[in-house]
Amino acid sequence: AVVTSNGVIGWLAGYAERQAEPERACLLRRLFNGSVSRFIEKGGHLELCAWNIVDHLAEGELRTIL
């Protein structure tokens with residue numbers, strides 16, 4: 001699945017890392033606009049493989065925090 005909402009991505013990251021609900025909220029404010037995060041399902045659990053990758057945005061001024 002492809003997800004583009006920073007709220008959903010942040011929530012999934014917190015869920016994958018088994019963080020409590022309140023701590024998950026801060027993750028959705030730490031995403032770069034246009035970043036890539038990757039999740040896999042493994043053994044019935046969601047795993048976070050890559051977080052907030054911006055390698056495709058070579059120029060720093062293209063990187064803005066949501």
Side-chain angles (χ1 to χ4, degrees):
V2 175
V3 180
T4 59
S5 169
N6 67 322
V8 174
I9 295 166
W11 191 93
L12 285 171
Y15 179 81
E17 297 298 308
R18 294 170 176 75
Q19 290 186 352
E21 283 286 335
E23 286 77 17
R24 291 181 199 175
C26 71
L27 291 173
L28 46 106
R29 293 187 297 268
R30 295 184 179 170
L31 285 170
F32 280 109
N33 192 14
S35 68
V36 175
S37 298
R38 292 185 181 97
F39 301 89
I40 62 169
E41 185 277 326
K42 191 173 186 181
H45 298 283
L46 191 63
E47 288 188 14
L48 178 61
C49 298
W51 171 252
N52 212 17
I53 304 299
V54 290
D55 293 345
H56 59 287
L57 302 173
E59 297 184 35
E61 62 268 5
L62 296 176
R63 301 174 187 178
T64 58
I65 297 288
L66 292 174

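- Between the CH2 atom of W51 and the CG atom of L12 there is a distance of 9.5 Å, given to the nearest 0.5 Å.
- With sequence neighbours excluded, the residues forming a side chain to side chain contact (heavy atoms under 4.5 Å, CB included) with Q19 are E17, E23, R24, L27, listed by chain and number.
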Got a list of side-chain donor-acceptor pairs under 3.5 Å for residues 36-47, not counting sequence neighbours?
residue : atom : partner : partner atom : Å
S37     : OG   : N52     : N            : 3.0
E41     : OE2  : G44     : N            : 2.6
H45     : ND1  : R18     : NH2          : 3.1

